[in-house]
Amino acid sequence: MTRSLRLTIAVATAAVAALALSACSTGSSNAAGTVTDGKLTIATGQPAYSPWVEDNKPQSGKGFEAAVAYAVAKEMGYAKSDVVWKRSTFDSAIAPGPKDWDLNIQQFSIDAKRKKAVDMSTAYYTTTQAVVTTESSKAAGDTTIAALKQDAIGVATGSTSIQSVKDVLGVTPQVFNSNDDAILALKSGQIDAIVTDLPTAFYMSGAQLDGKGTVSAQFPADGSGDQFGFVLPKGSELTSKVDKALKALKADGTLEDLQTKWLSSETGTPVLK
């Protein structure tokens with residue numbers, strides 16, 4: 001083999017490799033912009049917890065985020081049978097690089113820093129504040145503003161919950177250094193309830209209160225909470241389509257209905273009045 005022929009082969013090989021790398025980096029393999037032709041691959045956490053996904057089975061469509069995912073897929077033209085579920089960690093989903101899924105949904109707060117590494121859709125949910133208590137607390141049955149303002153309320157320092165308690169309940173809460181400290185105070189009876197954002201409230205009641213916790217009520221939505229959006233691979237062709245679908249689902253009331261069903265009715269978490 002001549003030197004010139006070897007050089008030609010080397011250049012050609014490098015070009016093919018570069019082309020393959022470029023194709024891989026898009027995270028898509030067909031004209032539709034999805035990783036699998038004719039399918040929409042959606043990822044969520046492992047495990048995925050209620051009320052976001054019921055019984056760790058997103059394919060059932062039960063749970064707020066599972067239901068939202070199928071509603072978006074339908075709006076984009078995909079039948080339920082065309083949705084494929086995968087699992088991913090939270091951190092790997094928001095890291096730079098190619099993905100083996102089209103959309104990822106697991107309570108990702110929308111922020112500018114994450115958008116440098118991945119695409120994020122517009123919001124499908126804005127968090128509200130919620131009340132966490134225990135079954136034995138005097139606040140357990142307090143689901144109105146008038147009743148709850150008579151209870152000793154705890155919050156974590158630096159949280160937006162402080163102002164929410166002042167604005168909605170008209171009282172000044174006890175402020176703790178962390179959520180963990182507030183939980184200890186609730187367990188010991190120093191306070192009757194904790195106010196925190198709804199996702200944290202469900203985690204506290206399910207994982208940190210020894211099976212005795214309950215999310216007894218949620219504050220009226222004021223639009224000031226964290227916004228959750230889908231994560232997509234950077235530069236995805238689907239981002240604008242997901243945004244369009246979410247806009248339609250918001251306009252026709254679907255998102256509000258799903259929120260009411262899965263984050264209020266199914267969990268027994270009424271909105272304070």
Would you say the side-chain atoms of [X] and [Y] include a donor-acceptor pair closer than 3.5 Å?
| X | Y | result |
| --- | --- | --- |
| N56 | R87 | yes |
| D252 | T254 | yes |
| T44 | Q106 | no |
| S224 | D222 | yes |
| D197 | S161 | no |

Spacing of [X] atom [atom1] and [Y] atom [atom2] [to the nearest 0.5 Å]:
| X | Y | atom1 | atom2 | answer |
| --- | --- | --- | --- | --- |
| D243 | T122 | CG | OG1 | 4.0 Å |
| D210 | T134 | CG | OG1 | 10.5 Å |
| K241 | L246 | NZ | CG | 14.5 Å |
| F202 | W52 | CZ | CH2 | 6.5 Å |
| I153 | L148 | CD1 | CG | 4.0 Å |
| Q129 | T160 | CD | OG1 | 4.5 Å |

Requested in this report: Pick out which of I105, L255, V53, L258 makes a side chain to side chain contact (heavy atoms under 4.5 Å, CB included) with F64.
Outcome: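 Looking at I105, L255, V53, L258, the match for F64 under the side chain to side chain contact (heavy atoms under 4.5 Å, CB included) is L258.
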Requested in this report: For the pair V168 and I145, evaluate side-chain contact (heavy atoms from CB on, under 4.5 Å) and give the outcome as yes or no after the intermediate values.
Outcome: CA-CA 7 Å; V168 177; I145 293 173; 3.9 Å; yes
Mind listing the closest non-hydrogen atom pair of [X] and [Y] along with its distance?
| X | Y | result |
| --- | --- | --- |
| D111 | M120 | N-SD, 4.1 Å |
| K80 | S60 | NZ-O, 3.5 Å |
| V215 | A130 | CG1-CB, 4.0 Å |
| L263 | Q218 | O-NE2, 2.9 Å |
| V83 | A73 | CG2-CB, 3.7 Å |
| A193 | L186 | N-CD1, 3.8 Å |

Query - Output field: ring centroids F230/Y124 closer than 6.0 Å - result: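 Yes: the rings meet the under 6.0 Å criterion.
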Query raised in the report: Are the aromatic ring centres of F90 and F108 under 6.0 angstrom apart?
Result: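 Yes; F108 has its ring centre under 6.0 Å from that of F90.
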Quick one, [X] and [Y] - any side-chain contact, counting heavy atoms below 4.5 Å?
| X | Y | result |
| --- | --- | --- |
| P58 | Y70 | no |
| V132 | Y203 | no |
| Q259 | V68 | no |
| Q46 | T89 | no |
| I194 | I183 | yes |
| V242 | M76 | yes |
| V155 | V165 | yes |
| L40 | L103 | yes |

Taking everything shown except [X] itself, do over 12 heavy atoms lie less than 6.0 Å from its [atom1]?
| X | atom1 | result |
| --- | --- | --- |
| Y49 | OH | no |
| K244 | NZ | no |
| E256 | CD | no |
| K74 | NZ | no |

In terms of hydrophobic clusters joined by side-chain contacts under 4.5 Å, are [X] and [Y] together?
| X | Y | answer |
| --- | --- | --- |
| L184 | I191 | no |
| F219 | V175 | yes |
| I110 | V72 | no |
| L238 | V118 | no |
| L209 | V195 | no |

Report task. Could you give me the CA-CA distance, side-chain angles and deciding distance for N104 and S88, then say whether side-chain hydrogen bond (donor to acceptor under 3.5 Å, both in side chains) is met? Result -> CA-CA 8 Å; N104 203 311; S88 83; 2.8 Å; yes
Donor-acceptor contact present, side-chain [X] to main-chain [Y], <3.5 Å:
| X | Y | value |
| --- | --- | --- |
| S236 | P233 | no |
| D192 | A152 | yes |
| E65 | Q107 | yes |
| T200 | T196 | no |
| T126 | G225 | no |
| K261 | G63 | no |
| R114 | D119 | no |

Query - Electrostatic pair K62:D55 at N-O distance under 4.0 angstrom - result: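 Answer for the salt bridge query: no.
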Query raised in the report: Are D142 and K149 close enough for a salt bridge, meaning some N to O gap below 4.0 Å?
Result: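 Not counted as a salt bridge, because no side-chain N and carboxylate O are separated by less than 4.0 Å.
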Report task. Start with the C-alpha gap between Q174 and Q190, add the side-chain angles, then the distance that decides, and say whether side-chain contact (heavy atoms from CB on, under 4.5 Å) holds. Result -> CA-CA 10 Å; Q174 295 184 43; Q190 182 181 344; 3.6 Å; yes
Query raised in the report: Can T36 and T34 be said to form a side-chain hydrogen bond (donor to acceptor under 3.5 Å, both in side chains), step by step?
Result: CA-CA 5 Å; T36 301; T34 57; over 6 Å; no
Query - With T214 via side-chain contact (heavy atoms from CB on, under 4.5 Å) - residues at least two apart - result: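 Only T133 meet the side-chain contact (heavy atoms from CB on, under 4.5 Å) criterion with T214.
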Query raised in the report: What's the verdict on side-chain contact (heavy atoms from CB on, under 4.5 Å) for W262 and E54, showing C-alpha distance, side-chain angles and the deciding distance?
Result: CA-CA 10 Å; W262 293 108; E54 293 299 313; 3.9 Å; yes
